[in-house]
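Each remark here refers to the structure printed beneath this line.
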2 protein chains.
Amino acid sequence: MSNKTVKSHHHGDLREALINSGIQLLNEGGMNALSLRKCAAAAGVSHAAPAHHFSGLQGLVAAIVDRGMAMFACAMQKKIDQADNEPIARLLAMCDGYLGFAIENEGLAYLMFNQKNDFMENQQQGRNANAAFNILVDSCAPFKDGPKGPLATQYAVWSLIQGYTHLFQMGQLKADQACPTVDFTDLLAMLNLEIESNIDC
Amino acid sequence: MSNKTVKSHHHGDLREALINSGIQLLNEGGMNALSLRKCAAAAGVSHAAPAHHFSGLQGLVAAIVDRGMAMFACAMQKKIDQADNEPIARLLAMCDGYLGFAIENEGLAYLMFNQKNDFMENQQQGRNANAAFNILVDSCAPFKDGPKGPLATQYAVWSLIQGYTHLFQMGQLKADQACPTVDFTDLLAMLNLEIESNIDC
DNA sequence: GACAGCAGCTTGACAGTGTCAAGATTATTG
DNA sequence: CAATAATCTTGACACTGTCAAGCTGCTGTC
């Protein structure tokens with residue numbers, strides 16, 4: 001497939017090619033369009049070749065999720081960097097990036113967010129996932145925790161944006177009836193978020 | 001299989017049996033354990049028999065989701081009926097039933113909540129789904145809508161409980177680190193919920 | 001009561017899937 | 001250069017959903 005070299009027995013960068021093919025299949029045909037054999041075919045390679053780079057389908061999925069997490073973290077960070085240097089604006093920007101990523105990468109995001117997460121256990125695998133998670137944590141850091149204990153703000157925001165994104169992905173937020181779509185900004189505004197004193201940046 | 005009648009060519013209630021087998025398979029072996037052929041085998045019937053009751057796997061899934069929605073609505077209503085006759089208590093009870101159902105029926109709930117919803121379009125199919133949805137709507141009805149428009153309360157609560165449930169299903173709420181699990185009550189307490197005046201029950 | 005029609009189910013086949021074992025080819029290393 | 005390891009191919013297997021064709025027994029009509 002390469003025009004630089006004559007066709008070799010070795011692909012050269014099959015692992016990368018398989019991940020890319022997988023993401024493309026996901027975003028084109030949704031969850032059920034992903035298969036080892038189709039990835040192999042898209043990379044111009046025999047059906048059993050992927051087994052030497054991933055331990056079965058689950059391994060390919062893990063690699064795709066890992067790649068997706070890097071893209072996800074990047075998408076959120078980009079929005080945050082464009083926002084005003086103020087806690088609420090940055091939090092909203094993070095959520096904007098969260099939802100935007102899920103919209104622009106529908107199949108990939110579905111795979112990522114609906115996969116049981118063993119990342120915390122496989123430390124090696126989850127570096128990108130942790131990076132994405134830390135962006136969420138950092139965005140919530142300037143706000144006081146609720147009276148009922150620490151982390152409440154963080155999990156409230158996470159649940160809210162994840163739930164909203166999920167409802168969107170499942171087509172539950174269509175504005176087909178009289179009511180217009182409820183914007184996420186309005187939902188976040190309902191949360192009691194108090195800025196901790198003496199915080200800059 | 002029945003001890004009342006001799007074995008007949010006809011099963012008698014195959015449709016029900018297939019749905020029940022499907023739910024059992026889901027809750028025992030998770031999402032990937034569900035297959036038409038295994039449902040058929042569990043019902044003691046040939047592999048192609050389901051095709052005469054459902055239009056393929058998708059049809060069986062739709063029937064299972066429909067059944068699940070009835071159970072879901074029942075679970076929420078039961079909790080609400082046990083709660084104090086007061087808006088906040090009833091809202092919390094609804095969320096308790098929501099999460100509890102997902103915990104007690106892991107595989108089924110995963111199938112239900114991660115399926116793109118065509119219920120609003122297939123009016124006939126979605127009666128049970130609408131019943132469950134209406135319980136959510138009714139639980140939010142006593143509360144004022146936010147300043148930014150109607151339905152904000154409803155979608156904030158829905159996003160929050162769905163997101164929290166989803167994080168739980170994906171194993172993101174484990175209290176493995178120093179922090180204990182964040183209770184949903186604490187998250188709901190962070191929402192600005194004002195009771196509308198002149199409402200009883 | 002007999003017979004046609006039909007719904008319920010079976011059998012057999014097909015393409016697609018993941019996974020394994022064995023072998024062929026290429027790159028790397030001593 | 002030769003041995004070894006990495007990479008990929010080929011072939012096979014069990015499992016999946018789906019379709020076509022046929023068998024079985026119930027139901028309704030004359």
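Order of the sequence lines sets the chain letters (A, B, ...), proteins ahead of strands, with each chain counted from 1. Because only heavy atoms are used, hydrogens play no part in the values below, and waters and symmetry mates are left out as well, while side chains stay in. These figures come from a predicted structure and were not determined experimentally.
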In whole angstrom, give the distance that lies between atom [atom1] of [X] and atom [atom2] of [N].
X       : N      : atom1 : atom2 : value
A/Phe54 : C/dT19 : CZ    : P     : 13 Å
A/Leu14 : C/dA27 : CG    : C1'   : 16 Å
B/Arg15 : C/dA7  : CZ    : C1'   : 15 Å
A/Asp13 : D/dT7  : CG    : C1'   : 13 Å
A/Leu57 : D/dC15 : CG    : C1'   : 14 Å

- Query: Taking the six-membered ring where the residue is Trp, are the ring centres of A/Phe72 and A/Phe113 under 6.0 Å apart?
  - Reply: yes
- Looking at DNA chain D, which of residues 21-37 of chain B put a heavy atom within less than 4.0 Å of it? B/Ser35, B/Leu36, B/Arg37
- Item | Closest non-hydrogen atom pair between A/Leu160 and B/Ala156, with its separation | CD1-O, 3.5 Å
- Heavy-atom closest pair, residues B/Leu18 and B/Ala43: CD2-CB, 4.2 Å
- Query: Which residues, if any, of residues 46-53 of chain A bring a heavy atom under 4.0 Å of DNA chain C?
  - Reply: A/His47, A/Ala48
- What is the distance from atom CE of B/Met71 to atom CG of B/Asn128, rounded to the nearest 0.5 Å? 11.5 Å
- Message: Between A/Asn27 (side chain only) and A/Leu108 (backbone N and O only), is there a donor and an acceptor less than 3.5 Å apart?
- Response: yes
- Task: Please confirm whether the backbone N or O of B/Asn130 pairs with a side-chain atom of B/Asn134, one donor and one acceptor, at under 3.5 Å?
- Result: yes
- Residues passing the salt bridge (Lys or Arg N to Asp or Glu O under 4.0 Å) test with A/Glu194, sequence neighbours excluded, are A/Lys144
- Query: Among all residues two or more places apart in sequence or in another chain, which pass the salt bridge (Lys or Arg N to Asp or Glu O under 4.0 Å) test with A/Glu16?
  - Reply: A/Arg67
For nucleotides 4-6 of chain C, print each protein N/O atom paired with a nucleotide N/O atom at under 3.5 Å, atom names and distance only.
none

- Message: By the side chain to side chain donor-acceptor pair (under 3.5 Å) test, which pairs, at least two apart or in different chains, include something from residues 102-112 of chain B?
- Response: A/Lys116-B/Glu106
- Item | Name of the residue among B/Val61, B/Asn32, B/Leu111 meeting side chain to side chain contact (heavy atoms under 4.5 Å, CB included) with B/Leu26 | B/Leu111
- Query: Are A/Gln24 and A/Asn20 side-chain neighbours, meaning at least one heavy-atom pair lies under 4.5 Å?
  - Reply: no
- If you check every side-chain atom of B/Lys38, which of D/dC8, D/dT16, C/dC9 has the closest atom? D/dT16
